[in-house]
Amino acid sequence: VPGGEPMDEIKPTKKPSRDYQALSSTPWDLFAALYARRSHRKYLPVPEDPSFVADLESFLDAACDARGASRDSIVAVTGQQAVEDVKRAAYKGMAGKINIWLGKAPLSAVLVADLPSEDVHAIRPVELPKTVMAIEDAVLWLTERGLGTCWLAGVSEREIMKVMGAPSGRSVPSIISIGKPALEPKPASYSGVSFQMMSRRRKPLEKIAASETASAPYCPPRLTACGFAAASGGAEEMVRAIASKSLPTTAGGLDLAIDACLEAARVAPSGNNAQAWLFVVVRSKDRLAELAAASGAAEPGSWKAAVVATGQGRLLGKILLDRPFWDIDVPIAMSHISLMAATAGYLPQVATDIDEEKVGRLVALPSGMRVAGVVALT
Ligand SMILES: Cc1cc2nc3c(=O)[nH]c(=O)nc-3n(C[C@H](O)[C@H](O)[C@H](O)COP(=O)(O)O)c2cc1C
């Protein structure tokens, strides 16, 4: 069996695909946050904390810098009254009906994705994926601080924009609730049972990942500990490393790095937990060069491997809740992949401004699937 683990061990849950910590001589901190994160819908009231707000703003600066996102595309709503106003607006009317639970949730903050409408509704948004990656970076950063979050796309965009005084021409594709979780995640122990019990189910790696082309399922490799030292540090350290292009560790084996990146994508949140995505690993030299060219890589020679991140496109005739959030879900997973690459000693280069048709053809992507971006490990 590839990977040295019996296949029936790989259950469709958020249970780790393998014991990643055993493969590193140093604490592989990012995994703890990835596994501890879950969508929280019950919160406890807490007093306002000005130093938290300052830290959050400073993290958002760093994340937007690392992702190339416009800083004003993420609004951190803090302060009790402002949070209350946005929250109430969010679940008003039909559009927010599924999130009526917000009414009973004492949130401490809300992140609002605030983007040009034109971009959000474009066939291929440019700003949206960058903003989404920076927001997911923040979700992991918040998780590390013991805070609960939930991506919310089923909200009343119009009402939110009204209370925020957003000018016309802007769009709010999603907001994130933030608060002290009523269900405290047990810190650190990601091989323990606590987080598994409260996690939503996940597809196994070989169902969401492929090698070279979309139709060839990924085979988890056999891996052994061989002196690899994962970068310790969480979302903040990795975001800053990506922004400054200097990694806090040296590269370990590529097989392990890729496997860890796919696992990071696997446990990412997605709308309705649909996981309607496929991550295609490209390693073959010639194909990698072609992919780098189609992705507009500045230094194609530095690419050691790449993950083509794809998702089910909008289905014609399906709107609102049935709409697959490929343009949000897949960039969320790209945040996870790239942060994980950094912990494994590979500087991630995320390309979203790509020749989608060429990239899709290269990995033989079935029609209806969209390429959100390419994450290169360099
Ligand atoms: C783009 C997006 C939109 C979402 N919208 C909502 C929402 O409106 N209401 C809600 O309760 N959860 C929402 N979620 C949370 C998902 O249901 C959740 O991530 C998924 O079920 C996986 O569970 P987990 O996050 O606990 O791992 C959304 C998630 C994403 C990524």
Side-chain angles (χ1 to χ4, degrees), residues 12-16 31-43 74 86-87 89-105 107 110-113 115 120 125 128-129 131-140 142-143 147-157 159-160 171-179 181-186 190 194-203 208 263-277 309 311-314 319-336 370 372:
T13 63
K14 220 160 129 186
K15 187 169 180 258
F31 268 113
L34 291 179
Y35 288 131
R37 187 216 55 80
R38 62 180 290 274
S39 295
H40 286 270
R41 299 178 183 88
K42 285 187 178 149
Y43 299 89
I74 307 173
V86 170
K87 194 185 87 175
Y91 65 86
K92 263 194 191 162
M94 270 306 285
K97 214 172 153 203
I98 64 160
N99 290 310
I100 215 89
W101 56 267
L102 277 171
K104 287 195 202 139
L107 304 181
V110 178
L111 293 181
V112 178
L115 288 148
V120 170
L128 179 63
T131 296
V132 167
M133 284 189 280
I135 293 179
E136 182 62 11
D137 296 338
V139 161
L140 294 172
L142 291 159
T143 305
L147 288 164
T149 56
C150 189
W151 279 87
L152 300 167
V155 288
S156 174
E157 182 176 3
E159 295 292 334
I160 295 170
S171 191
V172 172
S174 190
I175 65 170
I176 317 296
S177 59
I178 302 172
L183 238 177
E184 195 104 30
K186 291 263 179 354
Y190 59 79
S194 57
F195 78 89
Q196 293 166 27
M197 309 258 305
M198 53 189 202
S199 289
R200 300 286 296 265
R201 294 172 80 82
R202 287 298 190 276
K203 295 177 182 174
I208 59 120
E263 176 75 353
R266 193 179 75 90
V267 297
S270 58
N272 302 315
N273 201 22
Q275 305 163 61
W277 47 33
Q312 173 69 57
R314 300 237 164 104
I319 40 161
L320 223 74
L321 293 181
D322 275 338
R323 124 184 186 204
F325 298 101
W326 76 276
D327 46 9
I328 300 183
D329 290 348
V330 184
I332 289 176
M334 285 159 57
S335 150
H336 287 207
R370 299 291 309 268

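All ligand and atom numbering here is 1-based and tracks the order in the structure. In this chain, residues are counted from 1 in sequence order. Heavy-atom basis, side chains included; hydrogens, waters and symmetry copies ignored.
Ligand-side atoms of ligand 1 in range of S270: 16 (C), 18 (C), 19 (O), 20 (C), 29 (C), 30 (C), 31 (C), range being under 4.0 angstrom from any heavy atom. Residue-ligand proximity, R41 to ligand 1, at heavy-atom distances under 4.0 Å covers atoms 10 (C), 11 (O), 12 (N), 15 (C), 16 (C), 17 (O). Those atoms of ligand 1 with a heavy atom of P269 less than 4.0 angstrom away are 19 (O), 25 (O), 31 (C). Listed by atom number, the atoms of ligand 1 under 4.0 Å from G154 heavy atoms are 8 (O). Heavy-atom proximity to I98, at under 4.0 Å, picks out these atoms of ligand 1: 8 (O). Near I332, meaning under 4.0 Å from any of its heavy atoms, are these atoms of ligand 1: 31 (C).
For ligand 1, the polar-atom distance check against I328 finds no nitrogen or oxygen pair separated by under 3.5 Å. Checked against a 3.5 angstrom limit, the closest N/O atoms of R38 and ligand 1 fall outside it. Some N or O of R202 is nearer than 3.5 Å to an N or O of ligand 1, by distance alone.
At a heavy-atom distance under 4.0 Å, only side-chain atoms of N99, from C-beta outward, approach ligand 1. Neither the backbone nor the side chain of V267 has any atom closer than 4.0 Å to an atom of ligand 1 (non-hydrogen atoms only).
Separation of atoms CG (N273) and CZ (R201) is listed at 10.0 Å; rounding is to 0.5 Å.
Across the listed options W101, W151, W326, Y35, W151 owns the non-hydrogen atom lying nearest to atom 4 (C) of ligand 1. With distances taken over non-hydrogen atoms, the option nearest atom 22 (C) of ligand 1 out of N273, I175, D329 is N273. Here atom 24 (P) of ligand 1 lies nearest to S39 when heavy atoms of A153, S39, A95 are compared.
Y35 and F31 have parallel rings, their planes meeting at less than 30° on a 0 to 90° scale where 60° marks the start of perpendicular.
D329 contributes no side-chain N or O that, together with a main-chain N or O of A276, makes up a donor-acceptor pair within less than 3.5 Å. Distance alone, capped at 3.5 Å, is enough to place a donor-acceptor pair between the Q275 side chain and the K203 backbone.
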Could you list the donor-acceptor pairs under 3.5 angstrom formed by side chains in residues 91-102, with sequence neighbours left out?
| from | atom 1 | to | atom 2 | distance (Å) |
| --- | --- | --- | --- | --- |
| Y91 | OH | R88 | NH1 | 2.8 |
| N99 | OD1 | W101 | NE1 | 2.9 |
| N99 | ND2 | G154 | O | 2.8 |

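Within the 4.0 Å heavy-atom cutoff, S174 does not count among the residues contacting ligand 1. Heavy atoms of R37 come nearer than 4.0 angstrom to ligand 1 in at least one pair.
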